[in-house]
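Beneath this line is the structure, given in structure tokens, with notes to follow.
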Amino acid sequence: MHIIINTHVQERRGKPAIWLEGKRLANAFLPNELYRKHLDIANGRLRLIKVTEDTDADGRVSVRNPRKGTIGDPKPLLEIRDEELLKVFWVGCKLRIIVSKQGIEVTLHSGEVQRKERAERMQSKLASGETLVCGSQYTGAGILDNAIHQGLKLSGFDSYLKVAVESDPTYVDVFLRNQSELLRDDSIIINSFDRDIDFKSECKLDVFVAGIPCTAASKAGKTKKKLAIAEDDRSAGDCFFHTLNFVKQTQPWLVIFENVMDYASTASFAVISSVMAAWGYKMSQSCINGNEMGALENRDRLSVVFITDVDHVDMTFDFSFVVPLREKETSIAEVLVSLPEESEEWKLYEYLALKEIRDKADNKGFKRSMYNGSESSVTTIRRLYHKSGSCDQYLLSPYSIEYSRLFLPIEHAKLKTIPFNFVEGVCRTTQHELLGQSVIYCAFIALAKAIGQFIRVQTSFLFQSQKTQVAA
């Protein structure tokens, strides 16, 4: 029989310590039995082997007697309190301990090994200036990925997209047509639902980006689908699980998630936060507003950054470092296309006018969003904007107050500061879909730039500390 114990190195009376007691130890040692320590630095493990002679022993297993008034046998108690432990372990690190008839073997927990490997890989990439290997899930047209790529470039990092996952074949075609800058010969594009991905390679990433679908998390999505909780949605409720699996398989040292603000109050996000912390990531989150970051669209987006924890350095990203990189246009008119009066874009939308009257009579509070071009911002334009809903945004005709139109895809892109060539080559409906479910482009460039600068500054302290230790 083997007993496996997951624990951590403690600090007891000023020294690193491993402390165990109870029947789980009896498989290897009984009270008062002798043991010899063997610290295998090369393989990162500590072994405790039973011996019979005092001359061979490094210590004796103590006895924990039953508490007064209780019934029970004396239990073995083992405490290894030794500075030598720091040659392999460190205070607070997670351990995996195997107790068997052969003795006790102590090694780093696999999660700790993975965290340590990620941290070392991050430091190596920073020191050497190597190209960062990125991955993406729910890639769409690659707008978020391009923004992260551009922002990292501004902070001195070269990067490319090694793996991209997108279920919609039309979106994949758009991405391949318009985002060649992000790809290299060894890039892998996976056209699949995330739940069907079969991980068979040991692909390690530096950066992972995911715009987890928000159809079940937004208020509108839950209302439309009549969901009590986001996780009830059959199409997107389990996305968080597959995203975490992607992270576990690829072990990126930097992870960036974005979603609607409502996602922060879901069970999905609570699980993500908890699991990522257990895996050794430092999390920070904030709302990024489009207007504040230099875009005309007043879109709020939950932005979450996870950076691998590094010993002796605080890797909790500070969102106050994110500053606008462009100045917002003074009015919507600056991005509009001038259309003649006879253009078929101008429509009466009589059914919407009648619906607004009915909604007002029913006290529903719905009202059409009408713009004349003088406004300094526009509300969030949704994925299904092409459907011309009663709550969508319309531009009033300068020729007749009875006519209005939807924003054109090129205008939609400019309102979000997205280069229009990212969605070229497909019909208007698909263009609005890709743009409507995307991000404020300039905002996420600014975010990625700030993250890159933050990582450089924080790890520079670590490099300086290492140099000092070597010199000493």
Side-chain angles (χ1 to χ4, degrees), residues 1-66 72-121 123-124 202 204 248-249 251 253 277-281 308-312 462 465-466 469-470 472:
M1 179 175 66
H2 288 64
I3 297 175
I4 298 175
I5 302 168
N6 291 329
T7 184
H8 63 278
V9 176
Q10 304 176 40
E11 183 173 4
R12 298 174 69 86
R13 289 174 285 180
K15 290 186 177 182
I18 299 173
W19 190 89
L20 299 168
E21 71 163 330
K23 287 189 174 296
R24 53 187 179 166
L25 295 186
N27 199 36
F29 295 103
L30 295 174
N32 293 314
E33 287 190 320
L34 302 171
Y35 65 84
R36 177 166 53 86
K37 292 184 297 185
H38 176 60
L39 190 63
D40 185 352
I41 298 175
N43 293 304
R45 66 181 180 179
L46 168 68
R47 296 185 65 202
L48 303 179
I49 303 169
K50 188 184 300 185
V51 295
T52 56
E53 300 292 334
D54 286 352
T55 54
D56 297 329
D58 293 319
R60 181 185 298 273
V61 177
S62 301
V63 180
R64 169 77 75 179
N65 291 314
D73 299 325
K75 297 176 182 178
L77 184 151
L78 177 66
E79 180 184 31
I80 306 296
R81 190 166 58 89
D82 193 340
E83 294 285 354
E84 288 284 301
L85 290 174
L86 297 180
K87 292 181 178 180
V88 176
F89 312 114
W90 58 93
V91 174
C93 71
K94 296 179 182 178
L95 300 176
R96 183 175 189 265
I97 301 177
I98 299 177
V99 182
S100 68
K101 295 295 184 183
Q102 287 71 44
I104 293 177
E105 181 174 278
V106 183
T107 58
L108 280 175
H109 187 275
S110 61
E112 196 72 76
V113 173
Q114 290 171 336
R115 183 199 65 82
K116 191 167 181 281
E117 186 276 331
R118 293 197 309 268
E120 291 173 350
R121 182 154 39 92
Q123 295 170 51
S124 174
E202 288 294 321
K204 300 301 181 192
K248 185 174 180 62
Q249 295 291 335
Q251 290 295 306
W253 48 261
W279 288 346
Y281 289 92
T308 294
D309 191 17
V310 177
D311 296 327
H312 314 301
L462 182 64
S465 174
Q466 291 172 341
Q469 291 175 8
V470 170

Tell me the closest heavy-atom pair linking L34 and F29, and the distance in Å.
O-CE2, 3.8 Å
Side chain to side chain donor-acceptor pair (under 3.5 Å) with Y35: which residues, sequence neighbours excluded?
none
The side chain to side chain donor-acceptor pair (under 3.5 Å) partners of K94 (sequence neighbours excluded) come to none
Exercise answer: donor-acceptor pairs, residues 6-14 side-chain atoms, under 3.5 Å, sequence neighbours excluded:
unit_1: R12; atom_1: NE; unit_2: E79; atom_2: OE2; d: 2.7
unit_1: R13; atom_1: NH2; unit_2: E79; atom_2: OE1; d: 3.4

Suppose the criterion is side chain to side chain donor-acceptor pair (under 3.5 Å): which pairs have a residue in residues 49-63, not counting sequence neighbours?
E33-K50
Partner set under side chain to side chain contact (heavy atoms under 4.5 Å, CB included) for Q251, not counting sequence neighbours
Q114, R118, R121, K204
For D82, give me all partners under salt bridge (charged side-chain N to carboxylate O under 4.0 Å, His left out), at least two apart in sequence or on another chain.
K37
Residues that R96 engages under side chain to side chain donor-acceptor pair (under 3.5 Å), provided they are two or more places apart:
none
Interatomic spacing from CD1 in I104 to CG in N27 - rounded to 0.5 Å:
9.0 Å
Could you measure the distance from the CG atom of L39 to the CG atom of L48? Nearest 0.5 Å is fine.
10.0 Å
Nearest 0.5 angstrom please: L78 CG to L25 CG, how far?
6.0 Å
Taking every non-hydrogen atom, the tightest pair across G44 and F89:
O-CE2, 4.1 Å
Rounding to 0.5 Å, atoms CG (L46) and CD1 (I41) come to a distance of 11.0 Å
Any donor-acceptor N/O pair, Q123 side chain to A119 backbone, under 3.5 Å:
yes
Minimal heavy-atom distance between A28 and S100, with the atoms involved, is CB-O, 3.2 Å
Nearest 0.5 angstrom please: H312 NE2 to W90 CH2, how far?
9.5 Å
Can you list everything that forms a salt bridge (charged side-chain N to carboxylate O under 4.0 Å, His left out) with R115? Sequence neighbours excluded, please.
E112, D311
Considering only residues two or more places apart or on different chains, which pairs with a residue in residues 40-49 satisfy side chain to side chain donor-acceptor pair (under 3.5 Å)?
D40-N43, D40-R45, R45-E105
Show the atom names and distances, to 0.1 Å, of all donor-acceptor pairs under 3.5 Å that link a side chain in residues 16-24 to residues at least two apart or in another chain.
unit_1: E21; atom_1: OE1; unit_2: R64; atom_2: NE; d: 3.1
unit_1: R24; atom_1: NE; unit_2: E21; atom_2: O; d: 3.1

Who are the side chain to side chain contact (heavy atoms under 4.5 Å, CB included) partners of K15, not counting sequence neighbours?
R81, E83
